[in-house]
2 protein chains.
Amino acid sequence: MKNRLEQLRKERGIKQEELAAILEVSRQTIGSLENGRYNPSIVLAFKLAKFFNLSIEEIFIYEEDSDEK
Amino acid sequence: MKNRLEQLRKERGIKQEELAAILEVSRQTIGSLENGRYNPSIVLAFKLAKFFNLSIEEIFIYEEDSDEK
DNA sequence: TGGATATGGAAAGTAAACTTTACATAGAGG
DNA sequence: CCTCTATGTAAAGTTTACTTTCCATATCCA
């Protein structure tokens with residue numbers, strides 16, 4: 001699962017810490033998502049989509065059979 | 001978070017067990033999602049969306065401030 | 001009445017998302 | 001050079017998604 005979070009966040013000109021505060025998660029969670037250490041929960045994916053005014057599919061790119069859960 | 005899984009599955013005329021096999025999860029996972037016991041991972045949400053040929057947003061309804069994670 | 005099928009759901013365990021704390025590094029500007 | 005800010009990342013702990021096993025119930029049909 002890839003995502004465009006770092007790019008989108010930088011386009012908005014905000015820090016990881018600010019985005020984290022808005023979404024009510026930790027800065028480390030944002031950093032971990034941007035760097036692909038894990039996938040977001042579906043609830044966090046919805047929050048991110050709402051914040052960036054995009055669909056989940058426009059932010060997260062699901063790659064078939066990159067056999068992750 | 002609400003979803004239309006039971007309705008969509010029944011429209012397709014398949015059993016929980018069959019859907020589970022296709023998505024490579026357990027029958028209990030499908031049952032638990034249909035009955036709202038927990039939310040899917042984003043990967044499973046993508047698999048379901050692909051199977052039903054819908055967007056995640058068309059299957060799962062995110063309700064703001066129903067303070068779940 | 002009986003067995004077979006489909007679903008609900010609980011219990012206990014594993015895996016993955018997320019938190020808090022902590023430290024390290026790189027760049028900007030004094 | 002020093003310090004401040006933004007980010008990377010790791011370790012340990014909690015919560016939640018998911019598994020396997022098990023039992024209960026309802027319906028269907030021979």
Side-chain angles (χ1 to χ4, degrees):
Chain A
M1 180 93 115
K2 292 183 179 168
N3 70 69
R4 305 199 299 131
L5 288 177
E6 183 172 10
Q7 176 202 344
L8 290 168
R9 177 179 59 79
K10 288 185 172 167
E11 282 172 13
R12 265 57 169 195
I14 63 173
K15 301 167 203 164
Q16 289 186 346
E17 200 166 10
E18 292 169 335
L19 181 54
I22 292 165
L23 303 184
E24 299 178 288
V25 294
S26 67
R27 174 181 70 83
Q28 286 74 357
T29 292
I30 301 298
S32 293
L33 295 179
E34 288 189 356
N35 290 294
R37 277 188 292 279
Y38 48 73
N39 296 324
S41 69
I42 194 171
V43 170
L44 182 48
F46 266 106
K47 286 184 184 176
L48 285 159
K50 186 184 178 198
F51 177 79
F52 288 117
N53 204 32
L54 293 171
S55 67
I56 290 178
E57 289 85 351
E58 285 171 316
I59 302 178
F60 297 94
I61 294 86
Y62 174 56
E63 305 152 301
E64 199 94 29
D65 50 76
S66 76
D67 65 37
E68 48 190 345
K69 296 260 172 93
Chain B
M1 182 92 114
K2 291 181 181 173
N3 70 68
R4 305 199 298 130
L5 289 177
E6 183 172 9
Q7 176 203 342
L8 291 167
R9 178 180 58 80
K10 288 185 173 169
E11 283 172 12
R12 265 57 169 196
I14 63 173
K15 299 168 206 166
Q16 289 186 346
E17 200 166 9
E18 292 169 335
L19 181 55
I22 291 165
L23 304 183
E24 299 178 290
V25 295
S26 66
R27 174 181 69 82
Q28 286 73 359
T29 292
I30 301 297
S32 293
L33 296 178
E34 288 189 356
N35 290 295
R37 278 189 291 279
Y38 49 73
N39 296 325
S41 68
I42 194 172
V43 171
L44 182 48
F46 266 105
K47 287 184 184 176
L48 284 159
K50 187 185 178 200
F51 177 79
F52 288 118
N53 205 31
L54 293 171
S55 67
I56 290 178
E57 289 86 350
E58 286 170 316
I59 302 179
F60 297 94
I61 294 88
Y62 175 55
E63 305 150 301
E64 203 100 25
D65 54 77
S66 77
D67 65 35
E68 49 189 341
K69 296 260 173 92

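Quick note on labels: first sequence line is chain A, next is B, and so on, each numbered from 1.
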Residues S41(B) and L44(B): closest non-hydrogen pair is OG-N, 3.1 Å

note: I30(A), atom CD1; dT9(D), atom C1'; distance rounded to Å ~ 16 Å

When rounded to whole Å, the CZ to C1' distance for the pair R9(A) and dT7(D) reads 8 Å

In whole angstroms, the gap separating P of dA16(C) from CE of M1(A) amounts to 14 Å

Taking for R27(B) and for Y38(B) the nucleotide of DNA chain D with the nearest heavy atom, the one nearer the 5' end belongs to Y38(B)

Considering only heavy side-chain atoms of N39(B), the closest of dA17(C), dA17(D), dT20(D) is dA17(D)

Here the distance between atom C1' of dG13(D) and atom CD of Q28(A), to the nearest Å, is 14 Å

- request: Verify the cluster assignment for L54(A) and F46(B): are they in a single hydrophobic cluster under the rule of side-chain heavy atoms below 4.5 Å apart?
  value: yes

In short, L33(A) meets P40(A) closest at the heavy-atom pair CD2-N, 3.5 Å

Of the candidates dT19(D), dC18(C), dT7(C), the side chain of P40(A) sits closest to dC18(C)

Between CZ of R37(A) and C1' of dC18(C) the distance, given in whole Å, is 13 Å

Against the side chain of N35(B), the closest entry in dG8(C), dT19(D), dC18(C) is dG8(C)

Here the distance between atom C1' of dC18(D) and atom CG of L19(B), to the nearest Å, is 15 Å

Taken to the nearest whole Å, CD/E18(B) to P/dT5(C) is 13 Å

Tell me whether the side-chain N/O atoms of S26(A) come closer than 4.0 Å to OP1 or OP2 in dT19(C). yes

Taking every heavy atom of L23(A) against every heavy atom of K47(A), the minimum-distance pair comes out as O-NZ, 3.4 Å

L33(B) atom CG is separated from dG9(C) atom P, nearest whole Å, by 13 Å

A49(B) and S55(B) have their tightest heavy-atom pair at CB-C, 4.1 Å

- Message: At less than 4.0 Å, is any side-chain N or O atom of S41(A) found next to OP1 or OP2 of dC18(C)? Yes or no.
- Response: yes

Looking only at dT5(D), dT19(C), dC18(D), the nucleotide nearest the K15(A) side chain is dT5(D)

